[in-house]
Amino acid sequence: MGVTGSPTNIQQGTRTKGGIGESTLRPDGILKVTGEFAYSSDMWHEDMLWGHTLRSTVAHAEIVSIDISQALATPGVHAVLTYDDLPTSVKNYGLEIQDTPVLAHGKVRHHGEPVALVAADHPETARRAAAKIRIDYRELPVVTDEASATAPDAILIHEGRNDHHAGHVPHPNIVHRQPIVRGDADAAAARADVVVSGEYVFGMQDQAFLGPESGLAVPAEDGGVDLYVATQWLHSDLRQIAPVLGLPEDKVRMTLSGVGGAFGGREDLSMQIHACLLALRTGKPVKIVYNRFESFFGHVHRHPAKLWYEHGATRDGKLTHMKCRIVLDGGAYASASPAVVGNASSLSVGPYVIDDVDIEAIALYTNNPPCGAMRGFGAVQACFAYEAQMDKLAAELGMDPVEFRQLNAMEQGTLLPTGQVVDSPAPVAELLRRVKARPLPPERQWEVAGEEADVRALPGGLSNTTHGEGVVRGIGYAVGLKNVGFSEGFDDYSTARVRMEVVGGVPVATVHTAMAEVGQGGVTVHAQIARTELGVAQVTIQPADTRVGSAGSTSASRQTYVTGGAVKHSCEAVREKVLEIGRRKFGTYHPAWATADLLLEGGKVVTDGGEVLADLVDVLEDEAVDIELEWRHRPTEAFDLRTGQGNGHVQYSFAAHRAVVEVDTELGLVKVIELACAQDVGKALNPLSVVGQIQGGTTQGLGVAVMEEIIVDPKTAKVRNPSFTDYLIPTILDTPTIPVDVLELADDHAPYGLRGIGEAPTLSSTPAVLAAIRDATGLELNRTPVRPEHLTGT
């Protein structure tokens with residue numbers, strides 16, 4: 001055992017690399033781009049069966065009868081299950097309201113609802129057997145909008161509601177209602193010099209993750225089941241799965257498999273219970289993989305919305321009041337609709353100072369596809385509307401749209417309509433200044449001297465529809481306000497287990513959480529935190545599973561904040577324990593062990609002045625320090641159900657965009673040339689990943705601006721375009737240059753001062769693109785996505 005006698009300055013070369021603030025590369029990055037990464041759909045097990053789900057072909061109907069005899073008689077089929085085969089009295093599940101049937105019983109409430117399950121020795125056998133199941137439906141009228149949902153004689157989507165929202169909603173087909181009232185909006189409207197209003201429509205967007213829903217359930221000898229699945233929240237899944245199976249939670253062991261994107265669409269259950277039921281019935285491993293068609297029915301979508309806004313302003317440009325009403329279509333089941341309503345209402349004012357407001361947000365039960373969590377979570381729809389209103393007001397007042405926004409921008413200390421004070425930096429005006437100050441991209445970039453036009457730079461692209469005639473440039477701006485973390489009094493915590501030991505003669509840290517890595521880069525950040533706090537180069541990230549406490553959902557831009565906070569907290573506890581061991585062993589050799597602030601750096605114990613006291617290998621020897629702790633952010637509180645007052649959110653994030661578009665006004669084609677973003681991230685723990693998240697969120701906002709929408713037939717409530725042939729998402733040819741300006745204004749309440757970043761750019765990119773198209777065409781354009789016929793009037 002070596003002991004340092006007189007301390008020496010630690011050399012720069014021995015400092016731990018790969019800590020926070022560095023652009024450490026993702027450990028899964030190369031595997032993903034080379035096609036070697038194992039996703040959940042790649043899992044395999046000896047003697048495995050394949051599961052298939054039979055889904056309803058109608059949106060609303062009574063189930064008169066189900067005949068499974070032909071399916072059961074199909075060679076290779078091992079099991080066919082319906083509602084009558086469910087093993088316990090618990091037959092529904094749900095994130096908050098348990099209103100979603102595991103398998104339909106009595107009636108179906110939306111197109112594509114699961115009705116029966118088949119397990120067979122080949123996926124095609126399972127599919128063909130499912131097609132032999134005969135279901136006799138008696139179709140019912142469909143409820144598809146607010147008028148049909150809230151009429152006095154409306155058909156009730158769920159009769160006999162007894163959930164905790166049922167008592168305060170004005171109609172049983174309203175999932176949840178949240179008003180926010182502050183000041184006197186009517187009196188303020190009377191004082192306004194200018195009043196503008198507008199009705200806005202936001203289309204139903206799909207998360208469109210590339211990896212379809214999939215998982216593998218393996219029955220265990222103890223009567224339990226091991227489930228390997230792509231999800232966003234292992235412990236929430238577990239809480240819903242175990243009661244349906246009639247098993248204690250410790251017999252449903254869940255492990256995260258490779259996730260091919262999520263964006264909110266994996267927060268609800270899809271095939272998890274179905275695979276477990278089939279595995280336990282057959283006694284064999286069962287794998288379920290949705291195809292793309294089924295994936296469109298297998299997860300929730302972004303709420304389509306209708307929004308009515310009124311704003312007033314004085315002649316010098318100060319906002320006087322806001323009134324708004326937001327109607328979200330939640331579809332047939334609640335999913336996350338109550339929380340989405342809370343977000344939509346509390347964030348509906350945007351990043352502006354408005355003292356007098358009258359706000360109402362509701363979510364409906366209808367026979368349309370269920371809607372729930374998606375990146376931006378209620379704030380996206382509101383941002384589209386209030387930013388259009390800001391442009392209208394600026395035009396009425398003859399003001400520059402950016403200067404008008406800056407004049408009314410919130411800042412640290414602003415009192416929100418909910419009564420909450422913004423207690424961390426809110427650089428709204430500065431973000432707008434930065435995107436406006438950027439040089440504009442050159443015009444007519446498709447023109448190259450002496451060469452033919454590069455059609456890829458033109459509206460219509462490789463379809464070669466134009467060579468520049470009729471093309472007009474437009475520029476638009478937008479800024480948004482998004483909360484971070486779970487809100488409204490939810491106990492938002494995470495758990496991390498950290499172990500430090502000597503392996504092969506070097507100190508090694510192991511981090512174990514249940515965080516779902518869905519592409520956000522959390523596994524990279526956790527290793528960076530461990531290196532920073534424990535001073536070791538080698539960090540192992542264990543697979544996420546339910547053997548460790550909950551990490552909460554990978555959503556709400558919360559994981560780096562909350563699970564990162566838990567990793568930091570546990571690392572700090574491990575560090576203190578290691579220092580305690582060091583003091584016990586070496587404290588008599590140097591007074592700094594007792595008097596100095598000690599750190600772990602470069603595999604050594606050092607003072608804050610950089611003096612080396614001992615090697616970690618010598619401190620630990622054969623000992624291991626293993627600690628599992630929970631960590632919570634500051635508490636929030638529920639909004640008052642009458643006034644909407646309350647400290648509902650723990651943190652806010654802000655992003656601004658400038659869009660530059662070129663529009664073929666004759667054909668109605670749009671080319672987004674540049675979509676610049678400025679965002680405050682508090683502290684960039686991994687700058688490369690931060691820019692990637694901002695660019696990804698920006699691209700998703702671009703998609704819903706000009707192309708993405710699930711089309712639902714208003715007469716039948718059937719989905720018309722469940723495929724990537726007809727549901728379009730931006731490709732590399734559609735995606736513009738996205739320059740990013742990152743601000744780092746620390747939030748003192750958050751670990752390292754960080755701010756959740758993943759969702760904010762999804763808000764303002766959409767209205768910025770719409771504003772630019774309006775600038776080019778002079779059209780009002782009050783719905784997303786903008787289609788060619790909206791621009792040409794054909």
Side-chain angles (χ1 to χ4, degrees), residues 192-202 305 307-324 326 347-354 379-410 428-429 431-436 438 440 472-481 654-663 665 670 672 674-678 701-702 704-706 763-786 790-791:
D193 297 312
V194 174
V195 175
V196 300
S197 62
E199 294 185 12
Y200 304 91
V201 176
F202 199 99
L307 310 94
W308 177 85
Y309 267 79
E310 176 185 293
H311 284 86
T314 60
R315 185 59 59 189
D316 59 358
K318 295 295 288 185
L319 290 167
T320 58
H321 75 284
M322 184 198 81
K323 300 178 184 179
C324 83
I326 300 173
L347 304 174
S348 62
V349 71
Y352 303 109
V353 178
I354 309 178
V380 169
Q381 298 91 325
C383 185
F384 165 64
Y386 63 66
E387 284 302 270
Q389 288 283 106
M390 294 302 104
D391 285 337
K392 281 185 179 181
L393 273 171
E396 284 288 325
L397 292 166
M399 295 182 66
D400 177 89
V402 171
E403 293 176 1
F404 174 72
R405 287 173 167 86
Q406 291 174 315
L407 180 64
N408 292 283
M410 68 168 53
V428 178
L431 295 174
L432 287 162
R433 185 195 67 78
R434 291 192 176 212
V435 291
K436 186 178 182 181
R438 294 194 69 90
L440 287 166
V472 180
R473 170 168 284 203
I475 301 170
Y477 297 89
V479 63
L481 167 70
F654 309 90
H657 280 87
R658 183 190 68 192
V660 180
V661 305
E662 283 168 348
V663 182
T665 56
V670 177
V672 182
E674 184 184 85
L675 200 42
C677 181
L702 161 67
V704 78
V706 295
L763 273 64
S764 48
S765 52
T766 302
V769 171
L770 265 291
I773 299 173
R774 293 188 197 105
D775 182 53
T777 64
L779 299 172
E780 191 166 358
L781 302 176
N782 285 349
R783 84 174 309 276
T784 66
V786 173
H790 302 150
L791 303 179

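Quick note: numbers below take in every heavy atom, side chains included, and nothing from hydrogens, waters or symmetry partners.
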Query raised in the report: Looking only at atom types and distance, does a side-chain atom of E310 sit under 3.5 Å from a main-chain N or O of C324, one as donor and one as acceptor?
Result: no
Query raised in the report: So, K323 side chain and W308 main chain: donor-acceptor pair closer than 3.5 Å or not?
Result: no
Query raised in the report: Going through the distances and angles, do F384 and L763 end up as a side-chain contact (heavy atoms from CB on, under 4.5 Å)?
Result: CA-CA 7 Å; F384 165 64; L763 273 64; over 6 Å; no
Query - For S765 against L702, the heavy-atom pair lying closest together - result: OG-N, 4.0 Å
**Report entry** Stepwise side chain to side chain donor-acceptor pair (under 3.5 Å) test for S764 and H657
**Finding:** CA-CA 6 Å; S764 48; H657 280 87; 2.8 Å; yes
Requested in this report: Show your reasoning for whether side-chain contact (heavy atoms from CB on, under 4.5 Å) applies to D193 and K318.
Outcome: CA-CA 10 Å; D193 297 312; K318 295 295 288 185; over 6 Å; no
Report summary line: On a heavy-atom basis, the closest approach of S348 and Y386 is O-CD2, 3.2 Å
Query - Electrostatic pair E674:R658 at N-O distance under 4.0 angstrom - result: yes
Query raised in the report: Counting N and O atoms only, with roles assigned by atom type, does the side chain of R438 sit under 3.5 Å from a partner on the main chain of R434, one being a donor and the other an acceptor?
Result: no
Requested in this report: Determine whether L791 and T665 make a side-chain contact, defined as any pair of heavy atoms from C-beta on separated by less than 4.5 Å.
Outcome: no
Query raised in the report: Between T320 (side chain) and G312 (backbone), is there a donor-acceptor pair under 3.5 Å?
Result: yes
Query raised in the report: What pair of heavy atoms forms the shortest contact from A478 to L432, and how long is it?
Result: O-CD2, 4.4 Å
Query raised in the report: side chain to side chain donor-acceptor pair (under 3.5 Å) between Q389 and Y200: does it pass, once the steps are laid out?
Result: CA-CA 10 Å; Q389 288 283 106; Y200 304 91; 2.7 Å; yes
Report task. Report yes if the side chains of R315 and V194 come closer than 4.5 Å at any heavy-atom pair, otherwise no. Result -> yes
Query raised in the report: Given the rule in the salt bridge (Lys or Arg N to Asp or Glu O under 4.0 Å) test, do E780 and K392 qualify, once you have shown the distances and angles that lead to the verdict?
Result: CA-CA 9 Å; E780 191 166 358; K392 281 185 179 181; 2.9 Å; yes
Query raised in the report: What is the minimum heavy-atom distance between D775 and G474, and which atoms define it?
Result: OD2-CA, 3.4 Å
